[in-house]
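So the structure is just underneath, and the comments pick up after that.
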Amino acid sequence: MGASGWSYVTPYSEDPTVWLGRLHREVLASGDYYWGDEEVPRPSTMEQLSALFEQDEDLACEGTHTILDIWQVAPPGVRPAGNDILGTLISLNEDEVRLMFGTDRPDEELFRSVDPANCGPDAVPAVRGSGYYTPLFRAGVPVAYAVWGVSGD
């Protein structure tokens, strides 16, 4: 099938586990994700998804082509490398935010117009099985997170 780009906007929370968990629950509930074997029941929790991926290497390799392929958020300033990047969201630094959006305080409209899941600049290359995040602003205040990446096989 090949990899797929994906992107989301989710309400701001200083705790990344809050917004990542919210996105996971929303996508699982919607059923709007690739599932490589319809004979295997779709999971309703990340714990079930993890168990299914441990049991079925083909499902794990194909992934879901969504945020469900992401398991953790790296703290700002931390850049995982090699296999440590798989399943991880990485925060853009200030220079990358300016390069990608032309400002250090992008809003949701700007994020959606750039569509970074499909056309990131060289400074922020897409690494399959990972993604990026950055806050989105309204009147200078962070109100949401932009989350995007590339996953699937």
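Just the heavy atoms: all of them, side chains too, but no hydrogens, waters or symmetry mates, feed the values below. Nothing here was measured: the structure is a model prediction, and the numbers come from that model.
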- Query: What class does the angle between the rings of Tyr12 and Tyr145 fall in, given that below 30° is parallel, 30 to 60° is tilted and above 60° is perpendicular?
  - Reply: parallel
- In terms of ring plane angle, is the pair Trp148 and Phe111 parallel, tilted or perpendicular, where the classes change at 30° and 60°? tilted
- Message: side chain to side chain contact (heavy atoms under 4.5 Å, CB included), that's the test. Do Leu20 and Thr17 meet it? Break it down for me.
- Response: CA-CA 5 Å; Leu20 181 59; Thr17 62; 5.8 Å; no
With distance as the sole test, does [X] use its side chain to make a donor-acceptor pair with the main-chain N or O of [Y] at under 3.5 Å?
X: Arg98; Y: Glu94; value: yes
X: Arg105; Y: Gly140; value: yes
X: Gln55; Y: Leu52; value: no
X: Thr45; Y: Gln48; value: yes
X: His24; Y: Trp19; value: no

- Query: Is the CD atom of Glu14 crowded by more than 12 outside heavy atoms at less than 6.0 Å?
  - Reply: no
I need the minimum non-hydrogen distance between [X] and [Y], along with the two atoms involved.
X: Met100; Y: Leu92; result: SD-CD1, 4.1 Å
X: Val78; Y: Pro80; result: O-CD, 3.4 Å
X: Arg128; Y: Ser151; result: CG-CA, 4.3 Å
X: Ser91; Y: Pro76; result: CB-CA, 3.9 Å
X: Asp37; Y: Leu59; result: N-CD2, 3.8 Å

What is the distance from atom [atom1] of [X] to atom [atom2] of [Y], rounded to the nearest 0.5 Å?
X: Trp71; Y: Ser130; atom1: CH2; atom2: OG; result: 15.5 Å
X: Asp104; Y: Asp95; atom1: CG; atom2: CG; result: 10.0 Å
X: Trp6; Y: His65; atom1: CH2; atom2: NE2; result: 12.0 Å
X: Leu23; Y: Ile70; atom1: CG; atom2: CD1; result: 11.0 Å
X: Phe53; Y: Asp69; atom1: CZ; atom2: CG; result: 5.5 Å
X: Asp84; Y: Gln72; atom1: CG; atom2: CD; result: 8.0 Å

- Message: Please determine whether a side-chain nitrogen of the Lys or Arg among Arg25 and Glu47 lies less than 4.0 Å from a carboxylate oxygen of the Asp or Glu.
- Response: no
- Verdict with reasoning, Asp107 to Leu136, per side chain to side chain contact (heavy atoms under 4.5 Å, CB included): CA-CA 5 Å; Asp107 61 19; Leu136 298 176; 5.6 Å; no
Heavy atoms, side chains only, cut-off 4.5 Å: are [X] and [Y] in contact?
X: Thr103; Y: Leu110; value: yes
X: Arg79; Y: Asn93; value: yes
X: Val143; Y: Glu108; value: no

Answer yes if the side chains of [X] and [Y] hold a donor-acceptor pair under 3.5 Å, and no otherwise.
X: Asp15; Y: Ser13; value: no
X: Trp35; Y: Thr64; value: no
X: Ser113; Y: Glu109; value: no

- Message: I'd like to know whether Leu89 forms a side chain to side chain contact (heavy atoms under 4.5 Å, CB included) with Ile67, so could you lay out the CA-CA distance, the side-chain angles of the two residues, the decisive distance to 0.1 Å, and finally the verdict.
- Response: CA-CA 9 Å; Leu89 286 176; Ile67 191 72; 4.1 Å; yes
- Same apolar cluster: Phe137 and Val114, side chain cutoff 4.5 Å: no
- Query: Do you reckon Leu68 sits in the same ILVMFWY cluster as Val40, going by side-chain contacts under 4.5 Å, direct or chained?
  - Reply: yes
- Item | Residues Val147, Tyr132; criterion side chain to side chain contact (heavy atoms under 4.5 Å, CB included); working and verdict | CA-CA 6 Å; Val147 182; Tyr132 297 96; over 6 Å; no
- Message: I want to check a possible cation-pi pair here: Arg42 against Tyr33, using under 6.0 Å from ring centre and within 45° of the ring axis as the test.
- Response: yes
